[in-house]
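Read through the structure below, which is laid out as structure tokens, and then see the notes.
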Amino acid sequence: MTAPRVRFAPSPTGSLHVGGARTALYNWLFARRHGGTFILRIEDTDVERSRRELTDQILHAMRWLGLAWDEGPFFQSERQELYREAADRLLAGGKAYRAFETPEELDAMKKAAEASGSAFRYDGRARSISQEESDRRAAAGEKFVLRLRVPDETLVVDDVVQGKTEFPAGALDDFVLVRSDGHPLYHFTVCVDDVAMGITHVIRGVDHLPNAPKHVALFRALSAPAPVFAHLGMILGPDGKKLSKRHGAAGVEEFEAQGYLPEALDNFLALLGWSPGNDRERMSLAEMVALFSLERLGPSPSRFDHEKLAWMNGQYLQEIPAERLVDLLKPFGVPDCGADVLLRAIHLHLSRARTLAELARSLSIYGADAVRYDEAGLKKWGKPEVAPLVRELAGRLTATAPFAHAGLEEAARALAAEKGLKLGELAQPARLALTGVLASPPLFEMIEVLGRETTRRRLLAFADRIADPAANRIATPAAGSPAVPSGGS
RNA sequence: GCCGCGUUCGUCUAGCGGUUAGGACGCCGCCCUCUCAAGGCGGAGAUCACGGGUUCAAAUCCCGUACGCGGUACCA
């Protein structure tokens, strides 16, 4: 294949959502796979809805995903001359014509069509206006739109993904290319730009498939070969409806904010509609580049499964060196515990987190002492008779030297044996005392990292806390409220 | 309404005429174990939407139907 040229052409009317991200990813993969060029084009012809900050947000998301573009970003709002020239050329060549109907007249035609139960299609009545009359009326200042003279024949869209689809003559009307205020419209700018940029392959969502015959007609009018089309199935929400905020995160920046890794999102998204053919799932961008092909894209819509994304993110998380994790964690807040403790803590907690946000949350116990205890945990292990046990454990652990997990565990086991208890009956209250919750990394390894003083302090505080049933009742009045006595009597 | 596209375990998918329909997420169980994960092992889960064809043989090819999704602008 000669080096392909592809483009990702988002419209800055919203942030980059995962559907767009996946489209961008496929375009990027395809370009990289074949040594082609990936172009970024911002389709901001709709001046009312386009916003500059959204463009910046899209650019940021693209970079974050690791999808670097080779050319651009080009802004359609800055390419008006190009469209004007093309419009003039089309008009001069008889490929397009002026139509002078007012919006009100068009509305009436639409209503009439509706009333008779048929779909509205502009009937092309302005086609018959002579060149001279058209020029005269335009010169006289009469408002007009530019319409494409759509050929009266079957238009074929040969799509790599969806197959060959035919649009019979008459399925399309002479659609508008340029508004009466002079603004060029989407279909027109897309095709003019695709021709100008030498686009060879158009990879986009199936929602654009109905537009494809229009584009085929336009490319022909522009005397340019049509690019190869590849229309991707939609990405739907878990309920099969169009993906939206209602389904949780849908914008790339939201996933970033929730602590997802770009490589995980890329990998997950790539698998929504594409598979390398074997049972391969975990792939880096580089590996995907080597494996990617348009022929292996699937036509059907897919649903966005947050669970699988979370799993995949956890997989990627575990492969990241702790040193790098420290940097990635910063936006989510890291405890003030010193670099050494932090690194060791990360090793302990990493396999239990699926996102950076989760990891950061679990790491918070290496900072300030836990201020609240899990309700259920308190109910099960917070009985007054446990207090002396916890105090004794605190004493034994504090006396252990060196303060390392093997010796600490040995000390705890010895105490449990003396009391005729199972280790868990000692470990669970201790875990609750140290972390506030009942699920954590191996207790003694945590204790080692937490250190002698912190361990002792938290264990004793917990013992004091549960020793007095009255205080206990006051301290845990209802679910969700802080487990610390809030002053007073 | 009209036009277009789609339809394999709950979900993402492999499969491109002959398979015990494979993998992954999730779920269940076991191992590990001080808890929770991770990891290892095992399991349940798909009459391949339905109905007709074509063929010795169909998840795979063809035609209908149903359902879903998309489009139907002087939006993109």
How would you label the contact of A:His349 with the nucleic acid (heavy atoms, under 4.0 Å): base, sugar-phosphate, or nothing?
nothing
With ring centroids as reference points, do A:Tyr316 and A:Tyr260 lie under 6.0 angstrom apart?
no
Need to verify one output field. Residue with the more 5' nearest nucleotide on RNA chain B, A:Thr165 or A:Gln318?
A:Thr165
Across the strands shown, which category fits A:Gly277 at heavy-atom distances under 4.0 angstrom: base, sugar-phosphate, nothing?
sugar-phosphate
Grab the CE-P distance between A:Met446 and B:A37 for me, whole Å please.
15 Å
Anything under 3.5 Å between a protein N or O and an N or O of nucleotides 28-33 of chain B, put it in a table, one pair a line.
none

Donor/acceptor link under 3.5 angstrom from A:Ser351 side chain onto base of B:A38
no
Side-chain H-bond candidate by donor/acceptor type, A:Arg431 with A:Ser440, under 3.5 Å:
yes
Determine, for nucleotides 17-26 of chain B in 5'-to-3' order, which nucleotides have protein heavy atoms under 4.0 Å from the base (write B), from only the sugar-phosphate (write S), or from neither (write -).
-----BBBBS
Touch class at under 4.0 angstrom, heavy-atom based, for A:Leu443 against every strand present:
base
Base, sugar-phosphate, or nothing for A:Leu106, non-hydrogen atoms under 4.0 angstrom?
base
Is there a donor and acceptor pair, one atom on the side chain of A:Ser440 and one on the base of B:C36, closer than 3.5 Å?
no
Pick the nucleotide of RNA chain B nearest each of A:Phe268 and A:Thr45; which residue has the one closer to the 5' end?
A:Phe268
Using a 4.0 Å heavy-atom cut-off across all strands, classify A:Leu438 as base, sugar-phosphate, or nothing.
base
Is any side-chain nitrogen or oxygen of A:Gln315 closer than 4.0 Å to OP1 or OP2 of B:G39?
yes
Regarding A:Gly314, tell me which of base, sugar-phosphate or nothing describes its non-hydrogen contacts under 4.0 Å with the strands shown.
nothing
State whether A:Ser275 places a side-chain N or O below 4.0 Å from either non-bridging phosphate oxygen (OP1 or OP2) of B:C12.
no
Does B:U13 have OP1 or OP2 sitting under 4.0 Å from an N or O in the side chain of A:Ser302?
yes
What does A:Ser180 touch in the nucleic acid at a heavy-atom separation under 4.0 angstrom: a base, only the sugar-phosphate, or nothing?
base
Across the strands shown, which category fits A:Arg204 at heavy-atom distances under 4.0 angstrom: base, sugar-phosphate, nothing?
nothing
Touch class at under 4.0 angstrom, heavy-atom based, for A:Pro442 against every strand present
base
With distance as the sole criterion, do the side chain of A:Arg303 and the base of B:C12 form a donor-acceptor contact below 3.5 Å?
no
Sugar-phosphate only, base, or nothing, as touched by A:Asp181 at under 4.0 Å among non-hydrogen atoms
nothing
Quick one: label A:Pro301 by what it contacts on the DNA or RNA (base, sugar-phosphate, nothing), any heavy atom closer than 4.0 Å.
sugar-phosphate
Quick one: label A:Pro213 by what it contacts on the DNA or RNA (base, sugar-phosphate, nothing), any heavy atom closer than 4.0 Å.
nothing
Sugar-phosphate only, base, or nothing, as touched by A:Val176 at under 4.0 Å among non-hydrogen atoms:
sugar-phosphate
Just wondering, more than 12 heavy atoms not from A:Glu114 lying within 6.0 Å of its CD?
no
